Amino acid sequence: MAKSESSGDTSRPWQSYHTAYTNAKAGMEGVDKEKVQKIVYEMSKGSKYFENEERKEAFIKQKIENMRAQFAKLTAAEISHYQKVADKRILELEATRDLTRIWLHVDMDAFYAAVETLSNPLLKGKPMAVGGMSMISTANYEARRFGVRAAMPGFIARRLCPELIFVPTDFKKYTYYSDLTRKVFQKYDPNFIAASLDEAYLDITTACLERGMTGGEIGEELRKSVYEETGLTCSAGLAPNRLLAKVCSDINKPNGQFVLPNDRTAVMTFISSLPIRKIGGIGKVTEHLLRDVIGITTCEEMLQKSGFLCALFSRSSADFFLCVGLGLGGTNTPQVKLRKSISNERTFPATDDEAFLFQKLVDLAEMLSTDMKKESLCGRTLTLKLKTASFEVRTRAVTLQNYICSNEDILKNASKLLKAELPISLRLIGLRMSQFNEDKDGNPSDPTQKTLSNFIIFGDATGRNMDDQTSFCSDFSDDHFTTERRTVSVDNHEIHQNDLRDPLESNGIPSANNSNDVLRYYENELEKNHGSLDNKSEAEFDGSSLDNLKKRTNLLDSEAVSSSNQNEQCFWVDDYKCLLCGVELPPTFVEERQEHADFHLAEKLQKEESDSNPRSPIPKQRIIQKDHMKSQTRHKKKHKSSHGDGKHLPIDTFFVKSNQNF
DNA sequence: GGGAATCTCCCGC
DNA sequence: TTCCAGCGGGAGATTCCC
C-alpha cells in the first residue's frame, strides 16, 4: 500500500500498491506488472486487510520521516566523525574476508508445485498453485506467467488466472522428497545447512579438493543427481560465502546455476550494481528506509554512504550493511542451533464468540502440547498471539515458575491471557512456547529466580507450586495482576473466585475433541456467574435464549476479565434501559453502553471521593480503574515508541539472516 | 543500572 | 461464491523489580 514517493499519479492508484506478490520473482519475467497491480489493488481496496496495510504504511512513512529529520540534523562535524568510524569499520571487516571456501546454495524449483506435478502428471503444463482460496504457498511457472505467485491470496490468483488449478498442500509428500534431496546433499557436505524443505547451503570446498573438480562442476553433478533421485529440478549458486551463494542461485532459475569466482574483484564487481532488495534480510521496510532516507538502492552505495549508515543505524545494523557493501557473508559452518520456540496458530472467520475462541484455544493447546512432547520439550514462556478482525496483531506473554508441556498447563495459562483481552473480535489465535528446559529431557526444572511473573502469577515470589495456587490463578483478580483482591464486590454481593473460575481450568476442562462439551461447559459457567447477579435483581432477566443470556452476562463477565468494564452501578432493565437514568440503549450498542456505564462509574467515583474519609482505604473500583489506565498507558507508549522512532532498525532481521546466510 | 519479562517489528520460506 | 497463512528467529524498546 506504499503511497510512496512515486505515487504522484492519482488516476492510477494501484501503481503505489506494493505488496510482496507484486514484486518480480523467478519465472515472472514478462508479466504485465501494471495489470497485476491494478487487479490486486481493485480486489483489495476497501477491505479490512487493505485498511490495515494502509495503517502499516503510514507507520513506515513516519519512520522514514523521523529518520530523515535525524539525517537533516547531522552537522558537518558529526558526518565527518561517522565517516571515520565507518572507514575504520570497513577496514576491520575487510580483514575478515575469507576467499578460501566454496559455498553452494541449492534451491528446488517451485518445490511444492513440482512435487504435486510429479505425483499427478496431468497437471503438467497447466497453471497450478498449491494452497487454497485464502492463501497459496507456491505456483508453478505456467501460473507465474499470469502474475500468480507464493504468498498471494487464492481468490486474487484466480482472478489473474481463471483456469488456475488449486492443489491442497501435502507436507508429508514434500518432506518425503525433501529427505531424498538431502541424501544427495549429504554426499557433498555431511554438515550441510538445511534452510527449509527446499533450500540448503553446502560447503563444497572439501568435495572440490577431494574430487579435483571446480565448484561449477560439482554444482552440475549435484543438480543432475538430485534430478535422478527425485525427478525434480533445482537451481544452484556458487560463491565464496553463503550470502552471495544465495543471491547467485536465483540468477539462472529454474534448472540452472551461476558461479561467482572466489576473487575479490569479481565479488566487488558482482555486488556493485546489485539491488539491495536481492540480499536476504533486506525486505520491503528496510529497502524503503535506505532508499528514501539515504538514497541507497544498490549494494555498492552501502560503502559510498557508509558514514550515514553508521550515523543513523545501530552498530549491528550498520555492520550488516557494510558487510553487504563488501560482499562479505558467512563462510564458517555454524554450530547446530537448538530450537528456540515452538508454536501453532490458526486463522478463522473473524468472530467475538467467546465459546468459539476458547474452543480454538483448547485445540491449539492440545496441538502445541503434542508437538512439544514429540520433541521432548518443556518451556516456561507462553505467548498468546492474537490477530483482531482489523488485522492488528497483539501478543501477550507470561513466564512461568516451572517448565510445562502438558495440555492442561498450557491451556490454563493461555486461557488466562485470552480472558484478559475479552471482549475481542479475532481472526487468528496462536500459541508459542519458548525458554525451553535446556537439558531437553522433559523433566521440569525448578528455576528459583524471583521474577515479576512469579509475583504476578503466584501472588508472591516464593515459587509455590502451581497446583497449590490453582484457585488463586483462576481468580479473576489475577487478571488484573494484583495480589490482594480475592473477591470482588458487585453491589455488595461478593463473587468468590470459585464462582468465576476459568472455564478452561484443569478441573473439569472439557474434552478438546468435543466442541459441544466446551460450549456447554462455557454456558454453564455463564449461568453460574449470572446467578450471582440474579440475586441482585431478578427483574433484569427474563430467562430466554442462550444468546440473551450471554448478552446479559457480558457485563458481569467483562468485569471479571477486563478492568475497563467496572460498571457495577449500571443495569439494563429489559436488556435496554439503564436502571439509573432510564436512558435506552439496545444490547447491540456495545460501545455506547460501555461509555454510558463508564459515565455512571465516573460519577460514582467522584461522589465517593468527595464523601470518603481521607483516612479510609481507596475504593476497590478505583484500584481497578487505575490498574487499567496504567496498562493502557503502557500499551499506548509502546505503540508510539515502536512506530515513532526511526533510529533503531530491527537488527534482528539482519543478524538472524546473517546467521542463516553468512 | 542491570537483568528479566514483555511486546512489537521485520524477514524469509 | 470464495476474500490475505503458518512457522520460526531474533533485535530493540520499554517497563518493572531489585
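The shown structure was predicted, so the numbers you read here are calculated from the model rather than taken from an experiment. The chains referred to below are lettered A, B, ... by the order of the sequence lines, with proteins before strands, and numbering in each begins at 1.
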Nearest whole Å is fine: how far is [N] [atom2] from [X] [atom1]?
X      : N      : atom1 : atom2 : result
A:L428 : C:dA5  : CG    : C1'   : 8 Å
A:L289 : B:dC11 : CG    : P     : 8 Å
A:E421 : B:dT6  : CD    : P     : 13 Å
A:F313 : C:dA11 : CZ    : C1'   : 14 Å
A:E51  : C:dC3  : CD    : P     : 17 Å
A:L164 : C:dC3  : CG    : P     : 17 Å
A:R346 : C:dC4  : CZ    : P     : 17 Å
A:L377 : C:dC7  : CG    : P     : 15 Å

Among [options], which nucleotide has an atom closest to any side-chain atom of [X]?
X      : options               : result
A:T399 : C:dT2, B:dT6, C:dA5   : B:dT6
A:T395 : C:dA11, C:dC4, B:dT8  : B:dT8
A:Y49  : C:dA5, B:dT6, C:dC4   : C:dC4
A:V285 : B:dT6, B:dC10, C:dG8  : B:dC10
A:I60  : B:dG12, C:dC4, B:dC10 : B:dC10
A:R394 : C:dA5, C:dG9, B:dT8   : B:dT8
A:R339 : C:dG6, C:dG8, B:dA5   : C:dG8
A:M135 : C:dC4, B:dC10, C:dG9  : C:dC4

On DNA chain B, nearest-nucleotide positions of A:A397 versus A:A195: which is more 5'? A:A397
For A:S343 and for A:M133, find the nucleotide of DNA chain C with the closest heavy atom, then tell me which residue's nucleotide is more 5'. A:M133
What closest approach, in Å, do A:L382 and A:A414 show between heavy atoms, and which atom pair accounts for it? CD2-N, 3.6 Å
Quick one: is [N] close enough that its OP1 or OP2 comes under 4.0 Å of any side-chain N or O from [X]?
X      : N      : result
A:N344 : C:dG6  : no
A:Q435 : B:dA5  : yes
A:K387 : C:dC4  : no
A:S316 : C:dG12 : yes
A:K63  : B:dC10 : yes
A:K340 : C:dG10 : yes
A:T383 : B:dC7  : no
A:R427 : C:dA5  : yes
A:R380 : B:dA5  : yes

Both distances below 3.5 Å, Watson-Crick or wobble geometry, any strand: find the nucleotide opposite C:dC3. none
Is there a donor and acceptor pair closer than 3.5 Å between the side chain of A:R432 and the base of C:dG8? yes
Does A:S44 contact C:dC4 through a side-chain donor or acceptor facing the base, at a distance under 3.5 Å? yes
Walk me through whether A:F308 and A:F313 qualify under ring pair (Phe, Tyr, Trp, His ring centres under 6.0 Å). CA-CA 8 Å; A:F308 295 121; A:F313 292 91; over 10 Å; no
Sidechain N-carboxylate O distance under 4.0 Å for A:E345, A:R432: no
With rounding to the closest Å, how many angstrom separate the P atoms on C:dC4 and B:dG12? 23 Å
Tell me, do A:D250 and A:D107 make a side-chain contact under 4.5 Å, heavy atoms counted? no
Flag this pair as yes if the NZ/CZ of A:R144 is under 6.0 angstrom from the six-membered ring centre of A:Y141 and inside a 45 degree cone about the axis; otherwise no. yes
Are there more than 12 heavy atoms of other residues, nucleotides or ligands under 6.0 Å from atom CZ of A:R159? no
Does A:K48 NZ have over 12 foreign heavy atoms under 6.0 Å away? no
Using a cut-off of 4.0 Å on non-hydrogen atoms, how would the nucleic acid contact of A:I342 be classed: base, sugar-phosphate, or nothing? sugar-phosphate
